[in-house]
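Computed over heavy atoms, backbone and side chain alike; hydrogens, waters and symmetry mates excluded. Starting from 1, each residue takes its place in the sequence as its number.
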Amino acid sequence: MRVVSGIQPTGNLHLGNYLGAIRQWVAMQDSMTDGDDCLFFLADLHALTVAIDPRELGANTIEMAATLIASGIDPTRAILFNQARVPAHSELAWILNGTARMGWLNRMTQWKDKAGKNREGASVGLFVYPVLQAADVLLYNATHVPVGDDQKQHLELARDIATKFNTDFNVELFTLPEPLISKAAPRIMSLRDGTAKMSKSDPSDASRINLVDSDDVIVQKLRKAKSDADTLPETADGLEGRPEARNLVTIYAALAGTGVDAVLAQFAGQGFGAFKPALADLAVASLGPIRDRLTALLEDRSAVAAILDHGADRARTLAAPTLRAAQEAVGLQI
């Protein structure tokens with residue numbers, strides 16, 4: 001089993017990022033046995049598809065790597081690197097651009113959503129980045145790729161590209177990756193609006209818990225989090241139509257590693273005046289050590305960069321045979 005996944009290096013990660021993605025990566029890493037591989041990369045090349053501040057990209061890459069390590073990614077057990085340090089990603093993407101079809105890319109839902117009505121003004125990179133995503137996983141012959149609902153279409157595209165390449169050039173080169181969908185990954189919503197996802201783009205900092213927030217700030221945000229006047233029900237069915245209540249209970253369950261029904265069995269009949277302090281205590285206990293380790297890691301950014309360099313060395317070694325075989329298949333090796 002070989003798992004490959006990437007995440008864009010954006011700053012200021014929050015509780016939703018941690019519970020929805022990062023903690024799932026840690027669980028995958030910890031479940032690997034001898035002979036299995038986990039490759040996690042910072043997708044800095046993908047970040048170039050939209051407007052960026054060049055001064056921030058490198059800093060965000062280091063901060064994202066430090067966040068992953070602080071959250072439990074172990075560079076001795078998983079391969080952690082940034083995409084740009086492994087040129088084979090972009091080299092294979094260019095080869096695969098000859099295989100991918102315009103019609104396939106035109107059907108990508110995220111292209112339509114992100115470009116909107118300004119398709120003529122969108123970057124070429126925004127249009128073709130699903131091909132780079134395909135290269136990201138096919139390069140390592142990934143057997144499984146963690147995906148959310150919004151990425152299933154892109155994994156299907158990677159499988160289509162792999163199949164067409166293998167057929168066109170009469171090779172058995174690329175493995176067709178399978179989706180790895182974690183049913184345990186919770187959907188964390190805004191603390192101010194239970195119908196909207198927690199997001200760093202929300203103008204209100206009170207809408208999210210940042211992984212760098214102090215204990216006091218975490219407590220204050222959860223105390224002021226939107227809820228309702230009703231008591232907590234005995235079962236999850238009783239949360240229907242109560243998005244803010246459901247969100248706070250979901251956060252508690254995720255941090256505690258238990259189910260919503262188990263949380264409600266503990267707090268049924270109690271109001272949020274009792275529940276919020278318990279949730280705040282749990283959040284501080286869970287996130288405080290991550291914040292403290294992250295702060296310590298960022299005091300020596302060169303050490304974090306060295307970890308990424310080592311991971312890139314390992315990734316380049318794994319990628320080289322596949323890239324060479326792809327070059328040979330299309331006649332680039334003479």
Side-chain angles (χ1 to χ4, degrees), residues 3-10 20-21 39 41-52 57 82-84 86-181 185 187 196-197 199-201 319 322-323 325-327 329-332:
V3 175
V4 178
S5 190
I7 186 170
Q8 286 208 32
T10 55
L39 291 90
F41 66 90
L42 292 309
D44 44 6
L45 292 177
H46 285 290
L48 303 179
T49 60
V50 295
I52 61 162
L57 182 55
N82 61 302
Q83 190 184 26
V86 185
H89 283 255
S90 48
E91 292 182 54
L92 181 59
W94 183 254
I95 292 173
L96 297 182
N97 276 334
T99 299
R101 303 290 92 179
M102 289 286 291
W104 299 352
L105 296 178
N106 269 320
R107 288 193 291 271
M108 293 292 104
T109 301
Q110 285 200 30
W111 156 248
K112 297 175 183 176
D113 292 344
K114 292 182 178 181
K117 296 180 179 180
N118 187 33
R119 293 192 186 185
E120 294 296 319
S123 75
V124 173
L126 188 62
F127 182 69
V128 300
Y129 87 90
V131 182
L132 178 57
Q133 281 189 323
D136 293 334
V137 298
L138 299 180
L139 183 61
Y140 301 102
N141 281 306
T143 60
H144 295 82
V145 178
V147 292
D149 288 339
D150 60 340
Q151 290 295 326
K152 289 180 182 177
Q153 189 183 34
H154 287 179
L155 186 60
E156 291 169 1
L157 175 70
R159 290 172 57 90
D160 288 342
I161 291 173
T163 299
K164 181 170 172 53
F165 187 97
N166 289 345
T167 301
D168 287 351
F169 298 102
N170 194 30
V171 293
E172 295 183 3
L173 175 56
F174 294 126
T175 300
L176 272 59
E178 296 289 342
L180 193 60
I181 302 172
R187 184 177 174 87
K197 281 187 69 174
S199 170
K200 57 180 168 288
S201 63
T322 305
L323 177 62
Q327 292 171 333
V330 299
L332 294 178

Quiz prompt | Distance (rounded to the nearest 0.5 Å) between Leu48 CG and Ile52 CD1 | solution = 5.0 Å
Side-chain atoms of residues 96-104: list all donor-acceptor pairs with protein atoms under 3.5 Å, sequence neighbours left out, distances to 0.1 Å.
from	atom 1	to	atom 2	distance (Å)
Arg101	NE	Thr99	O	3.1
Arg101	NH2	Gly98	O	2.8
Arg101	NH2	Thr99	O	3.4

Exercise. Assess whether atom NZ of Lys197 is packed by more than 12 heavy atoms of other residues, nucleotides or ligands within 6.0 Å.
Key: no
Quiz prompt | Which residues share a side chain to side chain donor-acceptor pair (under 3.5 Å) with Gln133, sequence neighbours left out | solution = Gln151, His154
Exercise. Kindly write out the residues that satisfy ring pair (Phe, Tyr, Trp, His ring centres under 6.0 Å) with His144, not counting sequence neighbours, or none if the list is empty.
Key: none
Exercise. Assess whether atom CG of Asn170 is packed by more than 12 heavy atoms of other residues, nucleotides or ligands within 6.0 Å.
Key: no
Quiz prompt | Sequence-distant partners of Ser201, side chain to side chain donor-acceptor pair (under 3.5 Å), two or more places apart | solution = Ser199
Self-check item: Nearest heavy atoms of Val4 and Val145, plus distance in Å
Solution: O-CG1, 3.6 Å
Quiz item: So do Phe165 and Val171 actually touch side chain to side chain, heavy atoms under 4.5 Å?
Solution: yes
Self-check item: Rounded distance [0.5 Å steps], CG in Asn141 versus OG1 in Thr175
Solution: 3.5 Å
Quiz item: Would you say the side chain of Leu157 lies within less than 4.5 Å of the side chain of Leu105, judging by non-hydrogen atoms?
Solution: yes
Quiz item: With Trp111, which residues qualify under ring pair (Phe, Tyr, Trp, His ring centres under 6.0 Å), at least two apart?
Solution: Phe127
Exercise. Check Gln327 against Glu91 and note the closest heavy-atom contact, atom names and distance.
Key: NE2-OE1, 3.7 Å
Quiz item: So, for Ala325 and Leu173, which heavy atoms are closest and what is the spacing to 0.1 Å?
Solution: CB-CD1, 3.6 Å
Quiz prompt | Straight-line distance of Lys114 NZ to Thr109 OG1, nearest 0.5 Å | solution = 11.5 Å
Quiz item: Do Thr49 side-chain atoms and Gly125 backbone N/O form a donor-acceptor pair below 3.5 Å?
Solution: no
Exercise. Give a yes or no answer on whether the side chain of Ser90 reaches the backbone of Pro87 with a donor-acceptor pair at less than 3.5 Å.
Key: yes
Quiz item: From Lys112 NZ over to Arg107 CZ, what is the distance, rounded to the nearest 0.5 angstrom?
Solution: 8.5 Å
Self-check item: Atom pair OG1 (Thr143) and CG (Leu176), whose distance is rounded to the nearest 0.5 Å
Solution: 11.5 Å
Exercise. List the atom of Leu138, the atom of Thr322, and the distance in Å for their closest heavy-atom pair.
Key: O-CG2, 3.8 Å
Quiz item: Taking all atoms of both residues into account, what is the closest heavy-atom pair of Ala158 and Val137, and its distance?
Solution: CB-CG2, 4.3 Å
Practice problem: Please name all residues satisfying side chain to side chain donor-acceptor pair (under 3.5 Å) with Asp136, sequence neighbours left out, ordered by chain then number. | Solution: His46, Gln83, His89
Quiz item: Which atom names give the shortest non-hydrogen contact between Ala88 and Ala319, and what distance separates them?
Solution: CB-CB, 4.0 Å
Quiz prompt | Atom pair OG1/CG of Thr10 and Leu57 - distance to nearest 0.5 Å | solution = 10.5 Å
